[in-house]
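Order of the sequence lines sets the chain letters (A, B, ...), proteins ahead of strands, with each chain counted from 1. This is a predicted model, so every value here is computed, not measured.
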Amino acid sequence: GENVEQHPSTLSVQEGDSAVIKCTYSDSASNYFPWYKQELGKRPQLIIDIRSNVGEKKDQRIAVTLNKTAKHFSLHITETQPEDSAVYFCAASGAAAGNKLTFGGGTRVLVKP
Amino acid sequence: KAGVTQTPRYLIKTRGQQVTLSCSPISGHRSVSWYQQTPGQGLQFLFEYFSETQRNKGNFPGRFSGRQFSNSRSEMNVSTLELGDSALYLCASSRMTGTTNTGELFFGEGSRLTVL
């Protein structure tokens, strides 16, 4: 089955700096790659997603890049703010998988003011 | 529009007991998935239901089961509870336009199960 590795597990950045989280996946048939943000004690919420027919997607301070050949994708957060502090999860899913997502282990991001 | 609602929010059980968790999806969402979240294993897929049928199943023992009703509400059951079943159980619903689309999951706040 699909396996998703996520790095780093923790990330501490100064407010205003950029943060980058990287994920690799194993199943070349995977075609949907969402990123979820989970604040302490709250539910995971989708922040951005990308499909395999697109190499990059941007939404304000957040961007995701996908390299299908290398089977990895990354989340980029620019101009980080204290409210960006949370755990971020990457995930992957294949066309035949319905809504089955395989999640990475998560990255705890701390933005220091 | 009301979000995904899970009940109960917290529960404590002892080993060997069974538990049933309930999930009401967002109105109009026909797909309901269940995930187990633990500090050590992260978010792991349990199963997905669509139109009252289990469409996908994760790598969990048969003690974990679920079902979906005609109104898309879903329940999951864990029998013969073990200490390792202590976790946050998250339900997520999705608006489906087909049988192979994968789209945004809307998560509930979860049911936190503690097994003593």
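- With sequence neighbours left out, the salt bridge (charged side-chain N to carboxylate O under 4.0 Å, His left out) criterion links A:Arg61 to A:Asp84.
- A:Leu101 contributes atom CG, which lies 9.5 Å from atom CD of B:Glu48 (distance to the nearest 0.5 angstrom).
- Enclosure of atom CZ in B:Arg15 is not indicated, since only 12 or fewer non-hydrogen atoms of other residues, nucleotides or ligands lie within 6.0 angstrom.
- Note that OG1 of A:Thr102 is 11.0 Å distant from CG of B:Leu43, once rounded to the nearest 0.5 Å.
- Residues of residues 32-49 of chain A lying within less than 4.5 angstrom of chain B, judged on heavy atoms, are A:Tyr32, A:Tyr36, A:Gln38, A:Arg43, A:Pro44, A:Leu46 in numerical order.
- Atom CZ of A:Arg108 has 12 or fewer heavy atoms from other residues, nucleotides or ligands within 6.0 Å.
- Within a 6.0 Å sphere centred on CG of B:Asn71, heavy atoms belonging to other residues, nucleotides or ligands number more than 12.
- There is no contact between B:Gln41 and chain A, counting heavy-atom distances below 4.5 Å.
- The side chain to side chain donor-acceptor pair (under 3.5 Å) check on B:Tyr35 picks up nothing, with sequence neighbours excluded.
- The neighbour count for B:Lys57 NZ, taken as heavy atoms of other residues, nucleotides or ligands under 6.0 Å away, is above 12.
- Shown here are the side chain to side chain donor-acceptor pair (under 3.5 Å) partners of B:Ser74, two or more places apart in sequence or in another chain: B:Trp34.
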